[in-house]
J.: 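Quick one: the structure is below, questions incoming.
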Amino acid sequence: METAYLKMPFCILEIKGDEMGICEINFVKEYRKSEFKNQNLKLCLSELEEYFKGNLKEFKTKIYIKGTKFQQDVYKALLEIPYGQICSYKDIATKIGKVKACRAVGSANAKNSIPIIIPCHRVVGKNGFGGYSGGDGTNGLEIKRFLLSLEGVDVSKFK
């Protein structure tokens, strides 16, 4: 497993991966210089930089999705949400055939270990913005707002 760090407009990202794919993206406070050989990790860094410049709408980076079957179903459904669009927790629950599992979808989102690439930030609540586990726990919603705004979503309607 190799680790890389990337300074972004709102935080520092720690990206972990190996030959199977990227398995974690963490929001951290400390940047560490890193050396790595993994070509997929290099591609991930490049794609994230282009995403944050507004030049990339779809990631080609290979990912390794971990979790229960339910969580994996949720993450696969999240990958189908187009750039710049949002959907509700209920939409995802319906898509995976678990209509009443809205809260479980929210819980799976909170455990997403590859945020941004698996776009859990594109899921909002039926009556509001919903949550976001990114960041240090205090600025998660600011990060969600930033990511959606970057993608052209009008976030002014969310409180």
Side-chain angles (χ1 to χ4, degrees), residues 1-67 71-72 74-89 91-92 105-125 128-159:
M1 176 89 52
E2 292 185 290
T3 302
Y5 292 84
L6 184 62
K7 291 181 184 178
M8 297 315 317
F10 57 87
C11 72
I12 297 166
L13 298 177
E14 175 188 68
I15 302 121
K16 295 183 179 187
D18 58 22
E19 64 280 346
M20 292 179 66
I22 301 303
C23 60
E24 284 183 43
I25 296 178
N26 300 302
F27 299 90
V28 298
K29 293 183 181 195
E30 184 180 332
Y31 178 84
R32 295 181 183 165
K33 186 173 172 132
S34 54
E35 293 184 23
F36 50 89
K37 296 178 181 173
N38 186 294
Q39 292 302 310
N40 191 56
L41 194 52
K42 289 179 183 180
L43 174 62
C44 183
L45 290 173
S46 173
E47 287 190 334
L48 284 166
E49 287 175 344
E50 288 303 306
Y51 170 81
F52 286 109
K53 290 177 186 173
N55 298 331
L56 183 88
K57 295 186 169 130
E58 189 173 321
F59 290 91
K60 293 185 178 21
T61 297
K62 187 167 74 168
I63 58 175
Y64 176 67
I65 301 173
K66 297 186 263 184
Q71 289 168 336
Q72 289 185 24
V74 169
Y75 303 148
K76 288 173 186 170
L78 296 178
L79 287 166
E80 295 178 14
I81 306 169
Y83 178 96
Q85 297 195 19
I86 56 174
C87 68
S88 71
Y89 297 100
D91 293 335
I92 297 298
V105 166
S107 178
N109 270 12
K111 293 176 181 147
N112 175 13
S113 62
I114 315 172
I116 303 170
I117 294 176
I118 298 178
C120 54
H121 61 277
R122 295 180 188 154
V123 183
V124 297
F129 204 49
Y132 193 71
S133 298
D136 62 8
T138 59
N139 64 350
L141 290 179
E142 290 174 33
I143 292 172
K144 182 173 186 171
R145 189 174 302 278
F146 175 87
L147 294 172
L148 290 175
S149 294
L150 176 73
E151 294 185 13
V153 175
D154 179 8
V155 294
S156 65
K157 60 186 170 188
F158 299 107
K159 297 182 183 203

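Keep in mind that this is a model prediction, so the values were computed, not measured.
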J.: Just verifying a value: how many Å separate Lys111 NZ and Lys66 NZ, rounded to the nearest 0.5 Å?
T.: 14.5 Å
J.: Is any NZ, NE, NH1 or NH2 atom of the basic residue among Lys53 and Glu50 found under 4.0 Å from an Asp or Glu carboxylate oxygen of the other?
T.: yes
J.: Any side-chain to backbone donor/acceptor pair from Ser113 onto Cys23? Under 3.5 Å, distance only.
T.: yes
J.: Start with the C-alpha distance between Val124 and Lys144, add both sets of side-chain angles, then the distance that settles side chain to side chain contact (heavy atoms under 4.5 Å, CB included), and finish with yes or no.
T.: CA-CA 10 Å; Val124 297; Lys144 182 173 186 171; 4.3 Å; yes
J.: Do any N or O atoms from the side chain of Lys57 and from the backbone of Pro82 form a donor-acceptor pair under 3.5 angstrom?
T.: no
J.: Strictly distance-based, threshold 3.5 Å: is any side-chain N or O of Glu2 a donor or acceptor partner for the main-chain N or O of Lys37?
T.: yes
J.: Identify the residue among Ile114, Val74, Leu78 that makes a side chain to side chain contact (heavy atoms under 4.5 Å, CB included) with Cys120.
T.: Leu78
J.: Nearest 0.5 Å, please: how far is CG in Leu6 from SG in Cys11?
T.: 9.0 Å
J.: What closest approach, in Å, do Ile15 and Cys44 show between heavy atoms, and which atom pair accounts for it?
T.: CG2-SG, 3.9 Å
J.: Would you compute the distance between atom OH of Tyr64 and atom CE of Met1 and round it to the nearest 0.5 angstrom?
T.: 9.0 Å
J.: Check whether Asn109 reaches the backbone of Gly106 with its side chain - one donor and one acceptor, N or O, closer than 3.5 Å.
T.: no
J.: To the nearest 0.5 Å, what is the distance between CD (Glu24) and CG (Asn112)?
T.: 11.0 Å
J.: Could you walk me through whether Ile81 and Ile92 satisfy the side chain to side chain contact (heavy atoms under 4.5 Å, CB included) test, starting with their C-alpha distance in whole Å, then the side-chain angles of each, then the deciding distance to 0.1 Å, before giving a yes or no?
T.: CA-CA 10 Å; Ile81 306 169; Ile92 297 298; 4.0 Å; yes
J.: Who pairs with Glu151 by salt bridge (Lys or Arg N to Asp or Glu O under 4.0 Å), at least two apart in sequence or on another chain?
T.: Arg122
J.: Return the minimal non-hydrogen interatomic distance between Lys7 and Ile12, and the atom names on each side.
T.: CG-CG1, 4.4 Å
J.: So how far is it from His121 NE2 to Ile143 CD1, rounded to the nearest 0.5 Å?
T.: 11.5 Å
J.: Can you sort out the partners of Lys42 under side chain to side chain contact (heavy atoms under 4.5 Å, CB included), two or more places apart, ordered by chain and number?
T.: Phe36, Gln39
J.: I'd like to know if the side chain of Arg32 and the backbone of Tyr5 have a donor-acceptor N/O pair within less than 3.5 Å.
T.: no
J.: Tyr51 and Ile117: side chain to side chain contact (heavy atoms under 4.5 Å, CB included), yes or no, with the steps?
T.: CA-CA 10 Å; Tyr51 170 81; Ile117 294 176; over 6 Å; no
J.: Going by the side chain to side chain donor-acceptor pair (under 3.5 Å) test, which pairs reach into residues 74-86, not counting sequence neighbours?
T.: Glu80-Lys95
J.: So, for Leu13 and Leu48, which heavy atoms are closest and what is the spacing to 0.1 Å?
T.: CD1-CD1, 4.1 Å
J.: Quick one: does Asn38's side chain have a donor or acceptor within less than 3.5 Å of a partner on Asp18's backbone?
T.: yes
J.: I'd like to know whether Ser34 forms a side chain to side chain contact (heavy atoms under 4.5 Å, CB included) with Thr3, so could you lay out the CA-CA distance, the side-chain angles of the two residues, the decisive distance to 0.1 Å, and finally the verdict.
T.: CA-CA 7 Å; Ser34 54; Thr3 302; 5.7 Å; no
J.: Nearest 0.5 angstrom please: Ile116 CD1 to Ile22 CD1, how far?
T.: 12.0 Å
